[in-house]
Each structure stands twice: as C-alpha cells, then as structure tokens.
Enquirer: 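Quick one: this structure, given as structure tokens, is what I'll be asking you about.
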Amino acid sequence: MQYILDEKTYVDNHKFKQLAKVCQTCIGQDVNGWLEFKDKTIDLTDTEEHKDIDWFVLFLYDEHNDDPIPNFVLEKFAPVRDMLKNMAGVYRALFNFVGPNSTIPDHVDSDELPPYAETNIYNIVLGVFVDEDADIGLEVENEFAKTLVGKATIFDGQIPHRGWNRSNEWRCTLFMFVDKEAFNEVR
C-alpha cells in the first residue's frame, strides 16, 4: 500500500508554489523571521518524551474555530489565510517549525484515535523554508519524502509518521488538514 500520495491527487495542487511564496513573504523572507513571535507558538517539546528537539507550531486557520487564532496572526498572515479559504477542503492549518538537527519522533495526529484508524482527512505538509541541500524530510510507514520549498507531502495523519531536520537552519512547513473529498484518489 502506498502511504504518501502524489501531490497531483489534490485538486488545488497548482496553488502550492504560490502558497509557499505568500507564507515566506508574511514571515519576512527569512526563516528566522518567525522567532519574533516564538512566544506566541505552542512548544511541542513539552508534550514529547524527547527533550533534544525544537518543535513549535503556530495555528493560522481553523474553519470550525476549535483553536483560537491569535489576533496578530489574523493580521500578519491574512494573505495566507485568504489563500487557505479558497483551497478545496482545507479546514485547519498551522505553521510547523522544527529546529536545526532535530527529529520529530514517531506519532499519530490524534491521541483520541488508535493508529491506522480511518479518518476523513489527509495531511498536506508544504515546504516553506527549507535548507534544500540538507537531509530534511518525513517518513510514513517506511516511505520517505524529502521536504522541499513549494512541494507538498500528502499522507493520512493516523498512520505513524516522523520527521527530521538534519540541517543548521530552522525548517518551516505549512501543515494543512484537508478533507479527503478534495482529492482525485481517496484511499
């Protein structure tokens, strides 16, 4: 079974490169630009056993308003949010920041469901700032995908997965939760 889908299966795949550029512009054209609002992010290292990683998220968009979006995000990232609102099936999105030489351990996205549980969503991980000469990527069930700027990796978040940033720079990706109905091939 294939666990990582081709990005062309998503109906709005033609928007990925532009979306990455808009994200870069809003952050300030420098991966380290996000450090100015680091205190507004959620530190995921607090929820993991491994303390040797730097892993932060910033919620950008939530169609259902389950997670409060900080006011500065509504202003600073309005162009990103506008694009997300016009992409098929996207109902939640966040920036995922992984520090230099950090590894995200194996996990599934919902602790409320068992691994491999059927869900109605796919994750789309879009490279925004990535040292493209470095080993930066993710793995889903022994399938590997290199993280590249403007390129998407698509998979089901209830399948155990992990990521890594083997570079000396921060890795920034846009992480989107998307209804499976927005794909040409639903698995």
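Computed from a predicted model, the values in this text were never measured in an experiment.
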Enquirer: Verify the cluster assignment for M176 and V149: are they in a single hydrophobic cluster under the rule of side-chain heavy atoms below 4.5 Å apart?
Expert: no
Enquirer: Are there over 12 heavy-atom neighbours, none belonging to E112, within less than 6.0 Å of that residue's CD?
Expert: no
Enquirer: Tell me whether the count of non-hydrogen atoms from other residues, nucleotides or ligands lying under 6.0 Å of NZ in K21 goes above 12.
Expert: no
Enquirer: For C23 versus L174, what's the shortest heavy-atom pair and its separation?
Expert: SG-CD2, 3.9 Å
Enquirer: How long is the straight-line distance from CD1 of I124 back to OG1 of T9, given to the nearest 0.5 Å?
Expert: 8.0 Å
Enquirer: Just to verify, what does D109 make a salt bridge (charged side-chain N to carboxylate O under 4.0 Å, His left out) with, not counting sequence neighbours?
Expert: none
Enquirer: Please round to the nearest 0.5 Å and tell me the distance separating atom CG of D39 and atom CD of E36.
Expert: 9.5 Å
Enquirer: Following the transitive rule for hydrophobic clusters with a side-chain heavy-atom cut-off under 4.5 Å over Ile, Leu, Val, Met, Phe, Trp and Tyr, establish whether V130 and W164 coincide in one cluster.
Expert: no
Enquirer: Quick one: side chain to side chain contact (heavy atoms under 4.5 Å, CB included) partners of V31, sequence neighbours excluded?
Expert: F129, E169, W170, C172
Enquirer: In this structure, would I136 and I154 fall into the same cluster of hydrophobic residues linked by side-chain contacts under 4.5 Å?
Expert: no
Enquirer: Evaluate the side-chain contact (heavy atoms from CB on, under 4.5 Å) criterion for residues I42 and L58: first the C-alpha distance (whole Å), next the side-chain angles of each, then the deciding distance (0.1 Å), finally the verdict.
Expert: CA-CA 6 Å; I42 298 171; L58 178 69; over 6 Å; no
Enquirer: Between atom CG of L19 and atom CG of D12, what is the distance when rounded to the nearest 0.5 Å?
Expert: 10.5 Å
Enquirer: Can a side-chain donor-acceptor contact be found between E139 and Y3 if the only test is distance below 3.5 angstrom?
Expert: no
Enquirer: Who are the ring pair (Phe, Tyr, Trp, His ring centres under 6.0 Å) partners of F72, not counting sequence neighbours?
Expert: F37
Enquirer: Taking atom CZ of F16 and atom CE of M87, what is their separation to the nearest 0.5 Å?
Expert: 5.0 Å
Enquirer: Given side chains that start at C-beta, do those of T173 and V125 come closer than 4.5 Å, heavy atoms only?
Expert: yes
Enquirer: Shared ILVMFWY cluster between Y61 and F59, side chains joined below 4.5 angstrom?
Expert: yes
Enquirer: Enumerate the salt bridge (charged side-chain N to carboxylate O under 4.0 Å, His left out) contacts for residues 2-11, please, sequence neighbours excluded, ordered by first and then second residue.
Expert: E7-K151
Enquirer: List the atom of L126, the atom of A152, and the distance in Å for their closest heavy-atom pair.
Expert: CD1-N, 4.1 Å
Enquirer: Kindly state each residue pair satisfying side-chain hydrogen bond (donor to acceptor under 3.5 Å, both in side chains) with at least one member in residues 68-90, sequence neighbours excluded.
Expert: none
Enquirer: Side chain of H161, backbone of I159: donor and acceptor closer than 3.5 Å?
Expert: yes
Enquirer: Looking at G157 and N123, what are the two nearest heavy atoms and their distance?
Expert: CA-ND2, 3.2 Å
Enquirer: For the side chain of Q158 and the backbone of V108, is there at least one donor-acceptor N/O pair under 3.5 Å apart?
Expert: no
Enquirer: Go through the steps to decide whether N101 and N165 satisfy the test side-chain hydrogen bond (donor to acceptor under 3.5 Å, both in side chains), and finish with yes or no.
Expert: CA-CA 5 Å; N101 301 301; N165 175 8; over 6 Å; no
Enquirer: Over all heavy atoms of both residues, which pair between A182 and A88 is shortest? Give the atoms and the distance, please.
Expert: CB-O, 3.5 Å
Enquirer: Apply ring pair (Phe, Tyr, Trp, His ring centres under 6.0 Å) to F177 and list each qualifying residue two or more places apart in sequence or on a separate chain.
Expert: F175
Enquirer: Nearest heavy-atom pair of L84 and A93: which atoms, and what distance?
Expert: CD1-CB, 3.6 Å
Enquirer: Rounded to the nearest 0.5 Å, what's the gap from OG on S102 to CZ on R166? Could you check?
Expert: 11.0 Å
Enquirer: If we ignore angles and hydrogens, is there a donor and acceptor under 3.5 Å between the side chains of N120 and D179?
Expert: no
Enquirer: Is any side-chain heavy atom of L60 closer than 4.5 Å to a side-chain heavy atom of V80?
Expert: yes
Enquirer: Can we say D156 and K180 salt-bridge, meaning some charged N sits less than 4.0 Å from an Asp/Glu carboxylate O?
Expert: yes
Enquirer: Using the side-chain contact (heavy atoms from CB on, under 4.5 Å) rule, take N96 and V98 through it: C-alpha gap first, then chi angles, then the decisive distance, then the call.
Expert: CA-CA 7 Å; N96 195 330; V98 178; 3.7 Å; yes
Enquirer: Are the side chains of Y91 and I121 in contact, using a 4.5 Å heavy-atom criterion?
Expert: yes
Enquirer: Report the C-alpha separation of T153 and I4 in whole Å, then their side-chain angles, then the decisive distance to 0.1 Å, and conclude whether the side-chain contact (heavy atoms from CB on, under 4.5 Å) test is met.
Expert: CA-CA 7 Å; T153 303; I4 297 177; 3.8 Å; yes
Enquirer: Is there a chain of hydrophobic side chains (I, L, V, M, F, W, Y, each step under 4.5 Å between heavy atoms) that links I69 to L94?
Expert: yes
Enquirer: Using the side-chain contact (heavy atoms from CB on, under 4.5 Å) rule, take R171 and F97 through it: C-alpha gap first, then chi angles, then the decisive distance, then the call.
Expert: CA-CA 6 Å; R171 180 207 84 173; F97 303 99; over 6 Å; no
Enquirer: Going by ring-ring contact (aromatic ring centres under 6.0 Å, His included), F95 matches just one of F77, W55, F56. Which one?
Expert: F77
Enquirer: Side chains of V57 and T41: closer than 4.5 Å at any heavy-atom pair?
Expert: no
Enquirer: First locate atom CD of E143, then atom CG of L138, and finally report the distance between them rounded to the nearest 0.5 Å.
Expert: 10.5 Å
